Amino acid sequence: MPELPEVETVRRELNQMIKGQTITAIDVRYPKIVVNPIAQFKQLLIGQELVDVGRRAKYLLFHFGDDLTMISHLRMEGKYQVRDNLQDFDKHVHVIFTLSDGRYLGYRDVRKFGRMEVVPRTAELTTKGIAKLGPEPLTPAYTYETLADGLQRKKKNIKTVLLDQQVVSGLGNIYVDEVLWQAQINPEEPANNLTTAQLTALYSAINDTIQAAIAAGGTTIRSYVDAAGNQGQFQLQLRAYKQDGKPCQRCGTTIEKIKVGGRGTHFCPHCQKLN
DNA sequence: CTGCGGGCCTGTCAGC
DNA sequence: TGCTGACAGGCCCGCA
């Protein structure tokens, strides 16, 4: 499911719903979701108060009182649910936290790709996966120079580089297709072959698209809902992703779907030509 | 170091 | 209808 705008939406919902709660029990029904040994995971978190939920790119950072962070990555399908009764969780809910007010926080993940791990808060940004993340859109670290310099050093196609999280973080398959359409760049263009005009357009397109998607509460294609069960609305504004067979909203040419780097890729063959 | 393919899992959908 | 294979908002690992 989730790219930066969806994870940010979940983060805001969790803060509204469960910030300030203390974990009183944990039921791990599918142990591989949890990176720590299960006994350690429980021992560290039970009794801890959730101070706030932060985020780095697509990672949720649950900050607990005793300088602990639970890093949670939703991968393809992970989602959090807050419920009053245990019976409200189905077979795809793999970790359940009992909260001090009697509610439950469940982690549901049909494909079981997601992972959660407790680390000292001082280590949260140097943990594997997070340590190598590039700057993310809408932050001071994300500048035109970091984007242009980063892309200059990559020979791979632009789509693969934008999905890689090292030059810029937070984009996934949906938003990469969207920003490349917006900036009129062919997804197979070598990253170090973009013109200055394309770099300028891409830099802005990334910020603008992520901002609009957050404002819309993310994109719901198949299954994404936020922690309150709400669907996103950005799918109504998509102009490339899943638009194959439809006319390009800029030029009317039929949007095509191809494979780039093994990922389904949607683009307009007329306004996104190779340089 | 980079690039590529496979793995992790389950569900859905198109095509035969 | 039933089966089979491809595909799905992501990331990691091992190998060449």
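What you see is a predicted model; the values in this text were computed from it and never measured. In what follows, chains are A, B, ... by sequence order, proteins preceding strands, each numbered from 1.
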Colleague: Would you say A/Asn85's side chain and A/Gln87's backbone share a donor-acceptor pair under 3.5 angstrom?
Modeller: no

Colleague: Need one value for A/Gly264: base, sugar-phosphate or nothing, where a base atom within 4.0 Å counts as base even if backbone is also close, heavy atoms only.
Modeller: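 Sugar-phosphate: the residue A/Gly264, judged by heavy atoms under 4.0 Å, touches backbone atoms but no base.
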
Colleague: Would A/Gln81 and A/Asp88 count as having a side-chain donor-acceptor pair, cut-off 3.5 Å?
Modeller: no

Colleague: Expressed in whole Å, how much space separates the P atoms belonging to C/dG5 and B/dG6?
Modeller: 15 Å

Colleague: Would you tell me if any nitrogen or oxygen in the side chain of A/Lys32 comes within less than 4.0 Å of OP1 or OP2 on B/dC9?
Modeller: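 So the side chain of A/Lys32 is within the cut-off, an N or O lying under 4.0 Å from OP1 or OP2 of B/dC9.
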
Colleague: Begin from the C-alpha positions of A/Asp66 and A/Arg121 and carry the test salt bridge (charged side-chain N to carboxylate O under 4.0 Å, His left out) through to its verdict.
Modeller: CA-CA 9 Å; A/Asp66 200 14; A/Arg121 182 162 180 169; over 6 Å; no

Colleague: Within this structure, what is the CD1-to-C1' distance between A/Ile258 and C/dC7, rounded to whole angstrom?
Modeller: 16 Å

Colleague: Which letters describe nucleotides 11-16 of chain C, given B = protein heavy atom under 4.0 Å from base, S = only from sugar-phosphate, - = neither?
Modeller: BSS---

Colleague: When the distance from CG of A/Asp244 to P of B/dC13 is rounded to whole Å, what number comes out?
Modeller: 16 Å

Colleague: Distance alone, cut at 3.5 Å: any donor-acceptor contact between the side chains of A/Tyr59 and A/Thr127?
Modeller: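 Short answer, no.
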
Colleague: Quickly work out the A/Lys91 NZ to B/dT10 C1' distance and round it to whole Å.
Modeller: 8 Å

Colleague: Strictly below 4.0 Å, N to O, side chains only: are A/Asp177 and A/Arg239 in salt-bridge contact?
Modeller: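 Salt bridge flag = no for A/Arg239 with A/Asp177.
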
Colleague: Report the relative orientation of the aromatic rings in A/Phe89 and A/Tyr104; use parallel for angles under 30°, tilted for 30 to 60°, perpendicular for over 60°.
Modeller: perpendicular

Colleague: Ion pair present between A/Glu136 and A/Arg56, side-chain N to carboxylate O less than 4.0 angstrom?
Modeller: yes

Colleague: Tell me whether the side-chain N/O atoms of A/Lys257 come closer than 4.0 Å to OP1 or OP2 in C/dA8.
Modeller: yes

Colleague: Look at the side-chain N and O atoms of A/Lys156 and state whether any lies under 4.0 Å from the OP1 or OP2 oxygen of B/dT2.
Modeller: no

Colleague: Using the side chain to side chain contact (heavy atoms under 4.5 Å, CB included) definition, which of the options A/Thr69, A/Ile33, A/Asn36 pairs with A/Glu117?
Modeller: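 When side chain to side chain contact (heavy atoms under 4.5 Å, CB included) is applied between A/Glu117 and each of A/Thr69, A/Ile33, A/Asn36, only A/Asn36 qualifies.
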
Colleague: Can you tell me, in whole Å, how much space there is between the P of B/dC9 and that of C/dT4?
Modeller: 23 Å

Colleague: Is there a donor-acceptor contact under 3.5 Å linking the side chains of A/Lys159 and A/Asn186?
Modeller: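 No.
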
Colleague: Check whether any side-chain nitrogen or oxygen of A/Lys242 sits under 4.0 Å from OP1 or OP2 of C/dC7, and answer yes or no.
Modeller: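 Indeed not, no polar side-chain atom of A/Lys242 lies that close.
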
Colleague: Just to confirm, is there a sub-4.0 Å distance from OP1 or OP2 of B/dG11 to any side-chain nitrogen or oxygen of A/His92?
Modeller: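 Answer is yes, contact under 4.0 Å.
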
Colleague: With the side chain of A/Tyr30 defined as its heavy atoms from C-beta on, choose the nearest nucleotide among B/dC9, C/dG10, B/dG11.
Modeller: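 Within the option list, the nearest is B/dC9.
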
Colleague: Grab the CG-C1' distance between A/Asp164 and C/dG10 for me, whole Å please.
Modeller: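 Rounded to the whole Å, the gap is 12 Å.
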
Colleague: Output the rounded distance in Å from CD (A/Glu6) to P (C/dA8).
Modeller: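 Answer to the nearest Å: 17 Å.
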
Colleague: Check the distance between B/dC8's C1' and A/Ile33's CD1 and give it to me in whole angstrom.
Modeller: 10 Å

Colleague: Contact class for A/Tyr175 vs. all strands (heavy atom < 4.0 Å): base, sugar-phosphate, or nothing?
Modeller: nothing

Colleague: Parallel under 30°, tilted from 30 to 60°, perpendicular over 60°: which one fits the rings of A/His94 and A/His92?
Modeller: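 The rings of A/His94 and A/His92 stand perpendicular, inter-plane angle above 60°.
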
Colleague: Would you write the dot-bracket representation of DNA chain C, where each base gets (, ), [, ], | or . depending on whether it forms a Watson-Crick or G-U pair under 3.5 Å and with which partner?
Modeller: .|||||||.|||||||

Colleague: Whole Å only: how far is the OH atom of A/Tyr107 from the C1' atom of B/dC9?
Modeller: 12 Å

Colleague: Taking only N and O in the side chain of A/Lys112, is any of them less than 4.0 Å away from OP1 or OP2 of B/dT10?
Modeller: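 So the side-chain polar atoms of A/Lys112 do come within 4.0 Å of the phosphate oxygens OP1 or OP2 of B/dT10, strictly under.
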
